[in-house]
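Right, I'll just put the structure down here and ask away after.
If you read the sequence from its start, that first residue is 1, and numbering goes on from there.
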Amino acid sequence: MTMNRIRGLRLDKSRLTINGRPLGDLAVFAMAGGISIGEAEPVTMHQAIPGRSGGWDMTLDDEHGYPAMNRREITIRVAATGDHMEITEAKALIGSHNGRETTIGGLTELGVYRGRLSVGAWEDTHDTAGVLQWSICTLTLDAEPYAYGPEQRIDLPMDGKPVHALIQGNRPTWPVFHRLVQERANVNMPVKVTHTFTVDGRTIRVDAPLAGAETAEDVHELLVDCENRQTLWRGEPRFIHLDDDYPSMRPGPVTLGGSMPTENVPVIGYTQYMTYTPRWLI
């Protein structure tokens with residue numbers, strides 16, 4: 001039994017994907033009326049106060065004024081048909097995703113949903129001779145509330161000047177800064193350099209020593225991942241300044257910037273850009 005072949009029997013007419021693969025590649029098809037997207041409820045809290053109708057709103061909002069959202073449940077009824085070996089293959093292909101972090105696409109044009117996938121019990125149907133005809137099961141995704149769009153990239157100028165951009169989505173998202181530094185070779189003493197990035201006036205500073213490169217063609221990356229609150233220089237963890245924090249970005253206009261000293265430091269040049277993933281709440 002092969003788990004990688006492209007199946008000749010394609011009954012699925014939906015646009016649904018699991019981890020980027022069409023359902024037809026997984027030997028199943030979506031059943032009509034078998035797709036359900038649950039609601040994502042906001043996390044709210046109200047305190048009853050005598051004499052005040054509706055009480056007092058105690059909901060915790062983020063820095064942009066948005067409340068946290070609960071997870072949502074997405075269910076998809078899928079079926080497999082063919083001979084016994086084909087149906088068994090479909091069960092094995094679908095079962096390989098059970099319990100794993102999974103993306104489901106095709107439910108909206110805005111992006112994919114992420115979450116843990118659960119595979120329900122298979123319901124087998126046999127003919128009068130006892131031959132297996134088809135099998136049906138329910139896939140349940142314990143999903144994050146957002147649909148995630150394709151990753152976007154914004155190039156940053158190297159002279160420290162700000163760049164204005166438009167952040168897609170309708171919920172705040174997190175920037176990931178990338179700086180590719182080409183260091184000089186044969187550096188005798190490491191030089192400490194402060195790398196700076198800005199998001200709407202909020203500053204992130206990272207101290208990273210330039211120790212030189214083995215060859216002039218070597219390029220080293222500084223990665224500042226604001227969502228995971230992680231900074232890496234040459235693959236090693238670094239800390240941002242104590243009085244800085246990892247910022248998020250609200251949808252709409254944003255002003256970005258990035259700079260590092262280039263005089264009296266062993267640097268040939270550098271390039272920098274920012275990536276982010278749009279978040280859509282529907």
Side-chain angles (χ1 to χ4, degrees), residues 36-75 99-105 107-118 140-152 154 162 164-177 196-206 223-232 237-258 274-282:
S36 173
I37 303 178
E39 63 179 333
E41 296 182 347
V43 180
T44 60
M45 181 172 58
H46 293 82
Q47 177 67 47
I49 297 179
R52 183 183 178 93
S53 299
W56 189 267
D57 189 354
M58 304 289 289
T59 302
L60 294 178
D61 294 333
D62 63 17
E63 59 182 313
H64 305 293
Y66 295 91
M69 305 297 298
N70 283 314
R71 302 178 73 87
R72 69 169 81 218
E73 184 177 274
I74 298 174
T75 59
R100 302 185 63 184
E101 283 284 348
T102 305
T103 63
I104 292 184
L107 295 170
T108 171
E109 296 179 354
L110 297 175
V112 300
Y113 286 100
R114 302 173 180 173
R116 292 278 180 180
L117 186 68
S118 298
T140 303
L141 187 71
D142 182 14
E144 298 177 30
Y146 310 109
Y148 291 88
E151 183 180 86
Q152 305 295 310
I154 300 173
H164 304 285
L166 187 67
I167 302 302
Q168 300 181 20
N170 63 1
R171 279 298 189 272
T173 186
W174 300 86
V176 179
F177 291 100
T196 303
F197 298 99
T198 59
V199 178
D200 281 337
R202 291 165 292 171
T203 302
I204 318 166
R205 292 166 295 175
V206 182
L223 177 70
V224 180
D225 185 344
C226 293
E227 180 173 13
N228 295 309
R229 306 182 69 84
Q230 183 181 51
T231 298
L232 299 175
R238 304 295 299 179
F239 295 101
I240 64 174
H241 284 201
L242 287 176
D243 51 350
D244 295 342
D245 198 4
Y246 292 98
S248 59
M249 305 180 298
R250 68 182 306 158
V254 66
T255 301
L256 306 166
M274 185 271 286
T275 59
Y276 74 95
T277 302
R279 296 182 176 190
W280 299 93
L281 184 64
I282 57 176

field: Exam field: side chain T59 to backbone M45, donor-acceptor pair closer than 3.5 Å
entry: yes
field: Heavy-atom pair with the smallest gap, counting every atom of E73 and T75
entry: OE2-CG2, 3.9 Å
query: When rounded to the nearest 0.5 angstrom, what distance separates OH in Y66 from CG in D61?
result: 10.5 Å
field: CG on N228 to OH on Y246, rounded to 0.5 Å
entry: 10.0 Å
- request: Check the surroundings of atom CG in L166: do more than 12 heavy atoms from other residues, nucleotides or ligands lie under 6.0 Å from it?
  value: yes
- line: Value for CH2 (W56) from NE2 (H46), rounded to nearest 0.5 Å, stands at 11.0 Å
message: Taking S248's backbone N and O only, do any of them form a donor-acceptor pair with R202's side chain (distance below 3.5 Å, no angle check)?
response: yes
Polar contact flag, side-chain donor to acceptor under 3.5 angstrom, T173-Y148: no
- prompt: Roughly how far, to the nearest 0.5 Å, is OH of Y276 from CD1 of I167?
  reply: 4.5 Å
field: Closest approach of Q152 to P278 (non-hydrogen atoms, all atoms of both residues)
entry: CG-CG, 3.8 Å
- prompt: What distance separates E144 CD from R279 CZ, expressed to the nearest 0.5 Å?
  reply: 7.0 Å
query: Is a donor on one side and an acceptor on the other found under 3.5 Å between the side chain of T198 and the backbone of G257?
result: yes
task: Walk me through it: do R229 and D245 pass the test salt bridge (charged side-chain N to carboxylate O under 4.0 Å, His left out)?
output: CA-CA 9 Å; R229 306 182 69 84; D245 198 4; 2.6 Å; yes
message: If the test is side-chain contact (heavy atoms from CB on, under 4.5 Å), which one of L117, L141, D142 qualifies with I74?
response: L141
- request: Please answer whether the main-chain N or O of T255 pairs with a side-chain N or O of D200 as donor and acceptor at a distance below 3.5 Å.
  value: yes
field: CD (E101) with more than 12 external heavy atoms under 6.0 Å
entry: yes
message: Please give me the minimum heavy-atom distance between A40 and L281, naming the atom from each residue.
response: CB-CD1, 4.2 Å
- prompt: Does the R72 side chain pair with the main chain of E39, one donor and one acceptor, at a distance under 3.5 Å?
  reply: no
field: Shortest non-hydrogen contact between I204 and P247, atoms and distance
entry: CD1-CD, 3.3 Å
field: side-chain contact (heavy atoms from CB on, under 4.5 Å) between V199 and L256, worked out
entry: CA-CA 5 Å; V199 178; L256 306 166; 4.0 Å; yes
- prompt: Does Y113 reach the side chain of T108, with side-chain heavy atoms less than 4.5 Å apart?
  reply: yes
G169 to P251 - nearest heavy-atom pair and separation: O-CB, 3.2 Å
task: Using modelled atom types only, decide if a donor and an acceptor are shared between the side chain of Y146 and the backbone of R114 within a distance under 3.5 Å.
output: no
- request: Please check if atom CG in L242 has more than 12 non-hydrogen atoms from other residues, nucleotides or ligands closer than 6.0 Å.
  value: no
task: Determine, stepwise, if the pair D243 / R205 fulfils side-chain contact (heavy atoms from CB on, under 4.5 Å).
output: CA-CA 9 Å; D243 51 350; R205 292 166 295 175; 3.0 Å; yes
- request: Check R71 against G115 and note the closest heavy-atom contact, atom names and distance.
  value: NH2-CA, 3.9 Å
- line: CD1 of I240 to CZ of F197, rounded to nearest 0.5 Å, is 12.0 Å
